[in-house]
Amino acid sequence: MASLAPPTTDRPLLEIRDVSVALRTGNRTMVAGVSLAVRPREVFGIVGESGSGKTLLTRTLLGLQDDAYVAGGSVRFNGQDLPVNGYANKARKLLGHSIGFVPQDPFSSLNPSMRIGKQITEAIYLAKGWPMGAERTREAAIGLMAEVGIPEPALAFNQFPDQFSGGMRQRMVFAIALAQDPKLLVADEPTTALDAITQRRVIELILDRSRKHDLAVILISHNLELLRQSVGRIAVLYGGQLLNIVPSGDIGQSTIHPYTEALFDCIPTREKTLADIRSIPGEPVGAGFGLKGCAFASRCPYVVTACRTTDLPQNAGTASIFSACILGRGVH
Amino acid sequence: MRVLRRLLSFPKTNVERTAIVLGCLILLLALVGAFLVPFDPMKIDFRAKLQAPSMLHWLGTDGSGRDVLSRLLYGARLTLASTFAVIIVVVIIGCTIGIASAFVGGAVDNMLMRLADIWLGFPPLILALGFASALGASLEAAIWALIFSWWPNYARLSRMVTADILSQKFIASADALGVPTHRKVLHYVIPNAMDVMLIQIALDISAVMLAISGLSFIGVGAQIPAPEWGAMIADGRSYVSNGWWIVLAPGIAIFITAVSFNVIGDMLRRELDPTSRRR
Amino acid sequence: APTGTLVIAENETPENLDPANATNSTVDELLLGAYDALVQFPAGETAVSPRLAKSWTISEDGLTYTFTLRDDVVFHDGSKLTAADVKFTLDRLKAAKANVLNDIGPLSGAEVVDDHTVKLTLSKPFGPFLSALSRIYVVNKALVEPHMAEDNARQWLAVNEAGSGPYVIASYNPTEAVSLKAFDKYWGGWDGNHVAEVVFRYITEPSTQLSLLKSGEVQIAPDITVEDKLALMKEPGYVVDVGQAATPLYFDFNTASKGPTGNPKFREMLAKTFDRQLHLDQVLMGLGTLPDGPLPTSWPGHESGTELAFDLAGAKKMVDDNGWAGTTLTVRYLPAIQEEKSAVEQLQSNLAEIGITLNAEGMTWPAQAATVQKVDTTADINMIYSFPPFPDPHAILNASFNSALTGSNGGYNWAQYSNKEVDALLNEAASSADPAKRAELYKKAQVLIGKDFAVITVSYPGSVVAVSDKVEGYKYNAAHHQTFNIMDIGLK
Amino acid sequence: MRYVGQRILFSILSLCVLLFITFLLSHVVSGDPAIVAAGPNAGADKIAAVRQEMGLDRPLLVQFWIYCSNILHGDLGTSWFTRQPIASDIIRELPPSLELVFVAMVINLAVSLPLGLLTARYAGTTFDDVVRLVVMAGAGLPIFWLAIILQQVVAGQWRLLPTAGRLGFENRDFTGATGFTLLDSLMQGRFDVFADALAHLVLPAFALTLLFTAVGVRITRTAMMGEFRKDYVVLARAKGASEGRIMVRHVFANGATPALTVFGMQFGWMLGATVLVEEIFGRPGIGRYAVKAVTQSDIHAVVAVVFVVGLVFLISNLVVDIALFLLTPRKHAGA
Amino acid sequence: MVELKGVAKSFARRLFVQNRSFALRDINIAVGRGEVVGILGESGSGKSTVANIITCLTSYDGGSYRFKGRDIASYTRKERFAFKSDVQIVFQDPYGSLNPRATVRGSVMESLILHRPDLGRRERIERANALLEEVGLSADAGDRYPHEFSGGQRQRVAIARAIAVEPELLVLDEPLSSLDVSIQAQILELFVRMIRERDLTIVFISHDVNVVRLLCDRVYVMNQGAVVEEGFARDVLNHPQNEYTARLLDAVY
Ligand SMILES: Nc1ncnc2c1ncn2[C@@H]1O[C@H](COP(=O)(O)OP(=O)(O)OP(=O)(O)O)[C@@H](O)[C@H]1O
Ligand SMILES: Nc1ncnc2c1ncn2[C@@H]1O[C@H](COP(=O)(O)OP(=O)(O)OP(=O)(O)O)[C@@H](O)[C@H]1O
Ligand SMILES: [Mg+2]
Ligand SMILES: [Mg+2]
Ligand code: NI
């Protein structure tokens with residue numbers, strides 16, 4: 001059980017207000033003014049092209065990135081302020097109990113020289129100490145492994161990571177992230193390195209777990225179609241800016257932020273024909289681009305001068321639906 | 001011009017800037033130092049022996065009355081020239097073997113690299129010692145001895161770099177076009193391997209220099225009256241109690257040179273090494 | 001009874017303990033304590049006196065020497081030393097072609113007369129025969145004979161000792177230290193002040209030797225630099241002993257060479273290029289005597305004025321007249337010996353001034369010795385110290401200039417010098433017993449050698465040894481140069 | 001287990017190459033060993049006899065065969081100067097050197113590993129910069145020069161440590177079963193001797209190791225930096241593991257593996273570098289023996305030293321590799 | 001135009017290990033002139049190996065490969081060289097597929113230097129500029145080095161380089177998969193235009209079912225080194241016969 005205060009159903013589980021992230025070397029602001037709220041049990045997506053700052057934002061928020069820091073804004077988890085900055089051990093301990101994290105690359109996210117079982121029991125021990133004794137911890141770990149779908153978990157317990165395929169390893173990482181029985185799971189592109197069939201299985205595993213254990217999930221991906229079919233709401237990051245928060249059902253249906261719309265038009269799906277594919281001209285802007293105004297302005301078909309001069313609107317009230325377009329929703 | 005501008009953009013810290021200035025200064029002294037010497041570095045004058053540093057002899061005189069500063073300056077050329085002689089020959093031999101090995105591949109490659117591995121294993125100083133004993137004691141023998149024990153470094157490195165380059169897709173693209181081997185070597189492999197080689201060379205300058213002076217110190221390298229720095233230390237070691245400057249000066253000269261080239265090598269590594277660069 | 005420990009620093013490590021190698025001083029200094037010879041040169045004396053042999057008689061024709069041995073001598077294993085041991089010793093050295101026999105002349109055999117009488121015979125009369133016997137150390141036949149095999153016990157004797165001397169070699173670590181302990185049944189007895197243990201520590205660095213001497217870890221340091229010795233002279237607590245050594249240092253020109261040094265005129269030029277006075281004053285710091293020809297000036301038979309004086313201008317003129325400028329020569333020397341190195345540097349510097357390049361090759365003794373075994377591998381110039389095993393002109397002149405003992409014949413004549421007249425003079429002198437006649441012959445020989453410009457006599461350095469003032473009884477022994485009279489030394 | 005087999009096979013292969021190189025050294029490149037071996041005063045007949053005795057008149061391949069079989073029987077030839085079997089000379093000289101290298105290695109590891117780990121963790125900070133500078137300076141100091149200076153200053157001027165030798169005067173008679181003074185003194189419970197031996201080892205070991213330690217820190221740092229970039233560090237942080245725990249339990253084990261391979265090689269290189277310090281500090285040992293053998297053209301002894309040092313190198317690498325393999329079994333199978 | 005019959009390929013694992021791993025077994029693939037043929041399969045299924053065999057970058061162990069009706073094995077050295085101007089390939093990784101030490105124009109001109117020795121320097125430069133423009137890069141981009149370009153731009157250069165020799169067959173080995181989503185669409189549009197404007201036969205390799213569906217006439221599905229299903233794209237992708245194909249299609253978002 002989490003060590004923080006008991007959840008109140010309608011209060012957001014994670015609430016980020018006006019957070020900006022800067023690099024320690026050079027003090028460059030990479031991600032600016034992000035505000036959003038994730039409710040308990042919600043499956044929440046973050047989409048963005050490569051370099052848009054997804055990893056940087058989430059890792060820094062969780063205190064896992066040592067070369068970046070939260071330059072402004074506040075983070076509340078379960079109603080309490082999180083001491084996010086630095087990798088102060090205290091803050092990390094607090095986080096470790098309630099938030100699970102799955103890194104991007106399953107091939108390097110397990111310690112290659114430590115047995116799988118040891119890595120999972122370490123997580124249990126770090127969350128709970130040894131109140132249950134070595135034997136019980138071992139059983140708990142094997143239980144977890146079974147739960148994430150590892151065949152013959154007792155055998156795998158004593159093996160090393162490189163004896164397993166990418167999909168299996170990603171499951172082990174899940175077992176570790178879930179070992180602490182978190183309220184929130186942050187998964188950073190957990191399936192990008194996996195092939196299609198395995199990818200689907202892993203995503204389904206996450207959704208299943210979320211349903212059964214009241215787990216809130218932040219699922220990060222650059223695959224908009226995947227998120228559209230899997231999550232409830234999607235936050236769209238571009239050039240280090242939060243441009244849009246949108247219910248997945250709206251994508252392709254009602255009017256949304258021009259970037260989200262353009263992004264959706266780029267990707268081939270089952271239903272689309274060649275005529276439906278429209279590329280976005282120009283090159284994507286990376287995080288920390290350092291210009292004023294909207295990051296998408298240079299490629300946006302609806303752009304007006306004000307886009308380049310006005311500061312982006314903020315999602316000040318952490319509303320559940322949000323568009324940072326100064327022209328407002330429904331421009332066309 | 002472009003290359004120079006690029007080079008000048010490398011140094012990031014004062015340490016690096018100092019190292020570059022010192023490195024250039026040392027190279028310059030090696031080139032022209034012999035003309036600047038205030039005294040004849042070889043002229044014996046026992047009446048003036050073991051004089052402490054003074055206005056006349058800035059670094060004092062040695063046990064045979066020769067001006068230490070003059071010998072140091074004169075020795076810079078000798079020391080650096082032997083170092084570069086070793087490095088140039090070793091680079092040529094090593095890279096030829098390494099690149100050929102990577103291109104040929106298969107069993108030959110395997111065997112050559114095993115040989116290099118094993119060869120590398122032998123402590124270079126001992127191997128050089130064995131070699132020098134076979135050739136007789138002289139600076140040339142020491143140079144050959146070091147070449148003999150040093151080539152596998154470059155064979156292995158160039159083989160690794162070449163193999164790495166050959167495994168990249170732009171080589172497959174070249175293959176798809178039917179680019180002939182010699183063109184591949186000249187236009188694809190060598191330009192791309194240059195950076196890594198340069199880094200290694202910069203770092204090896206100090207290592208080779210230390211090895212040469214070590215051999216001279218033992219007595220199988222430079223012979224009297226040659227003012228090779230290691231030999232100067234060997235020469236002065238019996239006077240440490242009443243002529244400390246004789247040992248101190250060449251030691252510091254080696255130290256400064258070695259450190260300068262080490263720093264430069266490290267800087268080059270940071271700036272040029274593809275593996276340490278972000279895409 | 002002997003007490004205390006004497007520690008002596010030594011810069012060169014010994015090859016082995018074999019008495020066959022007693023020509024080498026690093027070996028000799030150990031054997032001197034562990035073995036006895038028939039006769040001896042005590043430190044400070046220039047005449048032989050009895051040791052194992054109580055007395056001896058020499059036949060009229062000078063071909064037979066009969067020795068009467070002491071009857072109270074025991075080897076370190078307790079067994080008695082007899083005439084059979086003496087015969088065995090000589091037979092073994094002959095079989096092993098030992099270096100020590102080079103100086104002993106035409107020895108043809110030994111014969112046991114009775115337990116305490118031994119007869120040695122020569123094929124030709126040999127004046128300094130008795131003197132030469134002082135380096136023949138008598139080994140214990142019973143111990144050595146089982147190890148003779150095909151190598152004449154060389155391997156066994158290299159690390160084992162079979163002597164009867166005052167000290168027993170207690171431990172032998174030739175790269176670290178060798179320790180000798182007093183032998184309580186020594187026939188000479190232990191009256192007076194003697195040390196119970198002598199340790200030779202092998203310390204290559206002169207500066208380290210100095211440190212150890214100053215910290216009291218060693219009591220005798222022979223190899224520190226001249227400058228340090230001069231400084232110690234003024235310091236309380238140390239005695240710097242300057243022994244009247246008779247060890248000439250030569251530049252040997254390769255007289256048999258097909259190169260420039262084969263030309264006597266060229267050698268004449270070279271002979272003018274070394275400033276001995278400067279060397280004595282500035283390198284030896286005055287601790288030595290100025291050479292005047294290849295023989296020590298005080299020895300009988302010395303002839304003065306046989307070598308040319310330093311005259312660089314004259315040499316320069318000869319170079320110019322003959323177009324020798326640009327010639328390149330090689331000199332081989334022992335860099336471990338400071339004065340050799342300085343002399344080479346001085347010669348290099350002088351020759352450079354008159355347009356001749358002199359390359360130097362530093363070597364160790366055995367390696368350098370190996371190069372002179374053929375004329376064509378002999379360098380143009382070799383530096384060599386002549387360590388006469390006994391104070392007789394023969395020991396220097398014959399060894400250095402007799403054509404039978406050229407380097408290529410296995411001797412110390414590294415000039416590869418061959419002059420029939422000189423050979424005849426030397427041989428005649430060797431087989432004569434009349435001192436006056438011998439002196440005359442040696443003088444003639446020196447004149448001839450001087451005219452051939454075979455060598456430059458560089459110096460007669462004194463034997464300068466720094467000793468702690470706790471040591472008493474140290475005395476330089478001219479017959480055993482670079483060794484220590486450990487049996488006479490005591491600690492205060 | 002196949003890995004171990006391969007590793008041993010490779011070592012045997014290396015041994016053959018080693019034998020071949022040393023053989024070439026002794027017989028082809030060198031001059032006539034018989035002349036040297038025959039000694040200074042030998043005549044032509046003696047040289048011929050020595051040549052026959054040494055087998056130098058036989059065809060080269062036969063000589064190589066004789067050479068190999070001799071070595072495999074532990075016969076490294078006879079030194080023509082000490083007149084002793086070289087094998088026994090080396091057995092006597094090896095322990096002091098190994099002892100020196102061992103202490104140097106301990107210093108090396110004790111400095112390199114923690115410093116490498118910490119500078120990798122705090123890369124880019126002032127601490128890192130300072131350590132890097134110091135390390136860079138260390139890598140530029142000639143070993144022999146450092147040895148002289150240390151001896152003069154620390155032992156000579158300050159009298160903090162002994163100047164030279166292996167043991168103090170009062171312990172000169174100490175002997176032991178193994179030849180390793182440190183080990184023997186402990187076995188005999190002679191702690192005073194142990195302390196004495198250690199005091200004599202400090203300066204030479206420090207002089208010997210500084211350059212290698214500098215390299216060691218750099219290599220460890222690079223290896224550790226690579227590990228810190230990997231995602232398992234992020235995962236461990238997400239578990240709530242403390243920075244210390246991450247360094248010690250996770251990063252260290254992974255980063256030390258490649259670094260240790262280098263340290264295995266350094267052991268052999270250091271043994272070679274003893275030629276630069278042993279003589280200065282008047283210690284017995286293989287390095288001093290080698291220098292002496294070289295200057296005396298005792299070709300067989302030189303070759304034997306090259307062989308033995310090469311052998312020690314092979315063995316130390318083999319041991320390190322197999323130990324690493326046994327400690328981290330899966331890593332090699334996967335690679 | 002391309003006819004692979006029963007082609008097999010295996011890789012030896014390591015020096016001491018004898019057993020070989022099969023990358024391909026009994027592959028039959030035929031590509032007609034002017035067709036756009038897709039090869040679909042998961043990672044490690046052998047797609048790239050097929051591409052390399054078609055472009056003669058690797059050898060094969062069994063079966064036969066006929067190009068324009070003639071067996072490749074019977075080619076002389078000269079013909080083999082000429083073949084290289086008929087078949088070109090674009091790789092997945094835009095970062096590794098250009099020589100970092102050559103200017104972008106240099107890379108494009110390399111093919112002209114080798115295969116069109118009749119052209120002068122001037123003409124080559126002009127042609128290279130024209131090609132760069134055709135793939136959507138400005139002419140002055142030619143003087144720059146690959147590291148100054150983004151992934152999408154590099155992929156354009158790679159395409160320009162491949163079509164410079166005017167090949168008849170172009171093999172595209174996952175040309176989109178390492179690009180940003182918005183750039184993927186740009187490159188896809190470039191392909192569509194090329195197919196329309198040039199007389200090209202294309203083998204398009206991808207693991208993205210949706211892209212193959214859009215672009216290809218016919219499709220081969222590969223799994224573990226074997227072709228498990230083939231046919232017209234709309235048939236196979238709408239009504240898969242093979243169980244594996246069905247599973248793969250199900251998993252796609
Ligand atoms: N430690 C760092 N130092 C410098 N720049 C960094 C650092 N970490 C990230 N960046 C930069 O920040 C930007 C955002 O990177 P981030 O990894 O968050 O992107 P992402 O959205 O996760 O992309 P991807 O889909 O490739 O994972 C990139 O341009 C990256 O180069
Ligand atoms: N050079 C090689 N040496 C050994 N095995 C290889 C080599 N190249 C490919 N393989 C093996 O052959 C099989 C097929 O590889 P291939 O690259 O053709 O697959 P792919 O379908 O292109 O996969 P991807 O989608 O990852 O590019 C794989 O199992 C791979 O491990
Ligand atoms: Mg990311
Ligand atoms: Mg592929
Ligand atoms: Ni031999």
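In the text below, chain A, chain B and the rest are named by the order of the sequence lines, each starting its count at 1.
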Between chain C and chain B, are any donor-acceptor pairs under 3.5 Å, and how far apart is each one to 0.1 Å?
residue	atom	partner	partner atom	Å
C:Glu205	OE1	B:Arg237	NE	2.9
C:Glu205	OE2	B:Arg237	NE	2.7
C:Glu205	OE2	B:Arg237	NH2	2.1
C:Glu227	OE2	B:Lys49	NZ	2.6
C:Asp228	OD1	B:Ser241	OG	2.9
C:Asp228	OD1	B:Asn242	ND2	2.8
C:Asp228	OD2	B:Ser241	OG	3.0
C:Gln282	O	B:Lys49	NZ	2.4
C:Gln338	NE2	B:Tyr239	OH	2.7
C:Lys341	NZ	B:Asp235	OD1	2.1
C:Glu345	OE1	B:Ser64	OG	2.3
C:Glu345	OE2	B:Arg66	NH2	2.8
C:Gln348	NE2	B:Ile224	O	3.1
C:Ser349	OG	B:Ile44	N	3.1
C:Glu353	OE2	B:Lys43	NZ	2.6
C:Gly362	N	B:Gln223	OE1	2.7

Problem set entry | Set of residues satisfying side-chain contact (heavy atoms from CB on, under 4.5 Å) with respect to C:Thr289, sequence neighbours excluded | C:Gln244, C:Tyr460
For this session: Give the ring-plane orientation class for B:Phe84 versus B:Phe261, where under 30° counts as parallel, over 60° as perpendicular and anything between as tilted.
Result: perpendicular
Problem set entry | Qualifying residues under side-chain hydrogen bond (donor to acceptor under 3.5 Å, both in side chains), relative to C:Ser463, sequence neighbours excluded | none
Exercise. Is the C:Phe310-C:Phe274 ring centre distance short of 6.0 angstrom?
Worked result: no
Problem set entry | C:Ser468: partners by side-chain hydrogen bond (donor to acceptor under 3.5 Å, both in side chains), with sequence neighbours left out | none
Exercise. Around atom CE of B:Met111, are there more than 12 heavy atoms of other residues, nucleotides or ligands at under 6.0 Å?
Worked result: no
